[in-house]
2 protein chains.
Amino acid sequence: MAVKRRKNKALPPPQGCPLTQCMRLLGGAWTPNIIWYLRSQPRRFSELMADIPGVSPKVFTARLKRLEKDGILVRQVMPTSPPSVEYSLTNLGRELTPAIDAIVQVGHKLKRRYRG
Amino acid sequence: MAVKRRKNKALPPPQGCPLTQCMRLLGGAWTPNIIWYLRSQPRRFSELMADIPGVSPKVFTARLKRLEKDGILVRQVMPTSPPSVEYSLTNLGRELTPAIDAIVQVGHKLKRRYRG
DNA sequence: CTGTATCCTTGGCGATACTG
DNA sequence: CAGTATCGCCAAGGATACAG
């Protein structure tokens with residue numbers, strides 16, 4: 001989209017850069033964790049909330065909405081008696097998992113380094 | 001068959017969340033790009049600035065300082081006649097490159113997808 | 001259960017000018 | 001050349017209460 005160049009507005013890093021492109025998707029505060037917990041199976045809203053402690057419902061909803069809009073996951077309302085909603089990764093979302101995996105790998109190394 | 005998913009815990013949960021640990025390092029606005037441009041060779045301050053257009057020196061310095069403090073890169077003052085400073089990745093920094101690579105790979109896929 | 005609605009705070013980011 | 005100093009903004013994130 002057209003670059004909005006207001007006063008202090010962000011014009012974030014090199015636009016054409018695939019790095020930036022991708023970081024925009026998983027840059028959100030809880031985004032990588034959401035993808036991580038959805039990687040093997042669909043999860044319901046409260047399940048995800050429980051998986052990722054410390055996030056408020058407002059922020060969580062915002063993240064999920066953005067991820068849905070970006071085509072990373074799909075939201076499906078289940079016709080159960082207590083209404084439930086199931087989130088699952090799309091194919092596009094699944095393409096992000098190698099990157100997440102790589103990040104997790106490095107995370108493990110970091111932990112070892114900082115503790116050892 | 002119907003997957004029993006109800007109270008089911010998610011994956012082998014990444015304890016202490018290496019994901020978050022790592023994202024904190026490369027979550028900054030220009031951070032992944034800096035690592036990217038340092039991956040193959042050391043670069044000087046203004047070279048990096050030129051590599052990554054649009055960043056102000058203040059922010060750039062802040063990023064570099066934080067990366068140095070986190071042990072991702074090293075800052076070395078060169079005793080040249082016009083003073084110059086060289087930044088290069090540490091071993092720890094080099095361990096981040098697979099993750100960056102993976103992210104870039106996904107970025108390429110995203111570009112293809114969004115452009116048809 | 002699955003979210004919205006409000007309100008508030010923070011710190012990350014930006015621009016510009018200046019310095020050793 | 002390689003940064004600091006100042007100033008300012010605003011959107012992301014958080015807390016809490018409420019709603020369908």
Side-chain angles (χ1 to χ4, degrees), chain A residues 1 3-15 17 20 23-34 37-38 42-70 73-88, chain B residues 5-8 17 20 23-34 37-38 42-70 73-88:
Chain A
M1 96 195 241
V3 180
K4 268 185 168 175
R5 201 76 181 104
R6 286 166 61 182
K7 226 161 135 204
N8 276 338
K9 224 23 220 158
L11 178 69
Q15 260 70 25
C17 185
T20 306
M23 285 303 287
R24 209 185 70 75
L25 291 187
L26 42 79
W30 308 89
T31 314
N33 293 85
I34 294 175
Y37 281 107
L38 284 180
R43 299 290 275 168
R44 289 171 45 192
F45 186 86
S46 48
E47 288 176 329
L48 272 177
M49 284 272 288
D51 288 337
I52 308 172
V55 60
S56 71
K58 176 202 132 180
V59 171
F60 207 59
T61 306
R63 295 288 99 212
L64 290 170
K65 276 189 175 167
R66 179 173 171 190
L67 287 171
E68 187 189 8
K69 179 184 148 217
D70 285 339
L73 53 78
V74 287
R75 176 182 181 272
Q76 186 178 9
V77 180
M78 311 299 283
T80 55
S81 59
S84 67
V85 180
E86 207 168 80
Y87 293 90
S88 52
Chain B
R5 201 183 334 95
R6 277 173 320 167
K7 206 37 203 236
N8 180 353
C17 219
T20 306
M23 284 304 286
R24 211 185 71 73
L25 292 186
L26 42 78
W30 309 88
T31 314
N33 292 87
I34 294 174
Y37 282 105
L38 283 181
R43 299 289 276 166
R44 289 171 45 192
F45 186 85
S46 48
E47 287 176 329
L48 272 177
M49 283 273 286
D51 287 337
I52 308 173
V55 60
S56 72
K58 176 200 134 180
V59 171
F60 208 60
T61 305
R63 295 287 103 219
L64 290 170
K65 275 189 175 166
R66 180 171 169 192
L67 287 171
E68 186 190 8
K69 178 184 150 218
D70 286 337
L73 51 79
V74 287
R75 175 182 182 273
Q76 186 178 10
V77 180
M78 311 299 283
T80 55
S81 59
S84 66
V85 180
E86 207 170 79
Y87 293 91
S88 52

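Reckoned from all heavy atoms, side chains included, excluding hydrogens, waters and symmetry mates.
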Please give, in whole Å, the distance from [N] [atom2] to [X] [atom1]?
X        : N       : atom1 : atom2 : result
Glu86(A) : dG3(C)  : CD    : P     : 12 Å
Trp30(A) : dG13(D) : CH2   : C1'   : 10 Å
Lys65(A) : dT2(C)  : NZ    : C1'   : 11 Å
Arg24(A) : dA12(D) : CZ    : P     : 10 Å
Leu25(B) : dG12(C) : CG    : C1'   : 17 Å
Leu26(A) : dA12(D) : CG    : P     : 16 Å
Ile34(B) : dA2(D)  : CD1   : C1'   : 15 Å
Leu64(A) : dT2(C)  : CG    : P     : 11 Å

Exercise. Choose from dC13(C), dG3(D), dG3(C) the nucleotide whose nearest atom is closest to any side-chain atom of Tyr87(A).
Key: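 So the side chain of Tyr87(A) is nearest to dG3(C).
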Quiz prompt | Contact nearer the 5' end of DNA chain D, comparing Gly27(A) with Pro83(B) | solution =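 Taking each residue's closest nucleotide, the earlier one in sequence belongs to Pro83(B).
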Quiz item: If you pin Gly54(A) and Pro82(B) to their nearest nucleotides in DNA chain D, which one's is more 5'?
Solution: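 Its nearest nucleotide lies further toward 5', so the answer is Pro82(B).
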Within the pair [X] and [N], is there a side-chain N or O less than 4.0 Å away from OP1 or OP2?
X        : N       : value
Arg75(A) : dG3(C)  : yes
Arg63(A) : dA12(D) : no
Arg66(A) : dA12(D) : no

Practice problem: With sequence neighbours excluded, tell me which residues meet side-chain contact (heavy atoms from CB on, under 4.5 Å) with Gln76(A). | Solution: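 Partners of Gln76(A) under the side-chain contact (heavy atoms from CB on, under 4.5 Å) test: Met78(A).
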Interatomic spacing from [atom1] in [X] to [atom2] in [Y] - rounded to 0.5 Å:
X        : Y        : atom1 : atom2 : result
Asn33(A) : Cys17(B) : CG    : SG    : 4.0 Å
Glu86(A) : Leu48(A) : CD    : CG    : 10.0 Å
Trp30(A) : Met49(A) : CH2   : CE    : 10.0 Å
Ile34(B) : Leu26(B) : CD1   : CG    : 11.5 Å
Tyr87(A) : Arg75(A) : OH    : CZ    : 4.5 Å

Using nucleotides 5-9 of chain C, report all nitrogen or oxygen pairs with the protein that are shorter than 3.5 Å.
none

Quiz item: Can you name the side chain to side chain donor-acceptor pair (under 3.5 Å) partners of Thr80(A), sequence neighbours left out?
Solution: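 For Thr80(A), the residues satisfying side chain to side chain donor-acceptor pair (under 3.5 Å) (neighbours in sequence not counted) are Ser84(A).
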Going by atom type alone, with no hydrogens or angles, which donor-acceptor pairs under 3.5 Å involve a side-chain atom of residues 59-66 of chain B and a protein atom two or more places apart or on another chain?
from: Thr61(B); atom 1: OG1; to: Pro57(B); atom 2: O; distance (Å): 2.7
from: Arg66(B); atom 1: NH2; to: Arg24(B); atom 2: O; distance (Å): 2.8

Quiz item: Listed in order of residue number, which residues of residues 42-49 of chain B have a non-hydrogen atom at under 4.0 Å from DNA chain D?
Solution: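 By residue number: Arg44(B), Phe45(B), Ser46(B).
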Practice problem: With heavy atoms under 4.0 Å as the rule, sort Thr61(A) into base, sugar-phosphate or nothing. | Solution: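 Touches a base.
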Exercise. Look at all strands and tell whether Val59(A) reaches a base, only sugar-phosphate, or nothing, counting heavy atoms closer than 4.0 Å.
Key: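 Answer is base: heavy atoms of Val59(A) come under 4.0 Å of a base.
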Quiz item: Run the side-chain contact (heavy atoms from CB on, under 4.5 Å) check on Leu73(B) and Leu38(B) step by step: do they pass?
Solution: CA-CA 9 Å; Leu73(B) 51 79; Leu38(B) 283 181; 3.8 Å; yes
Quiz item: Between Arg43(A) and Asp51(A), is a side-chain contact (heavy atoms from CB on, under 4.5 Å) present by the stated rule, with each step listed?
Solution: CA-CA 10 Å; Arg43(A) 299 290 275 168; Asp51(A) 288 337; 3.0 Å; yes
Quiz item: Bend angle of the helix from dC1(C)-dG20(D) to dG20(C)-dC1(D) from five-pair axes at both ends, rounded to 10°?
Solution: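 Inter-axis angle at the termini of the helix from dC1(C)-dG20(D) to dG20(C)-dC1(D): 50°.
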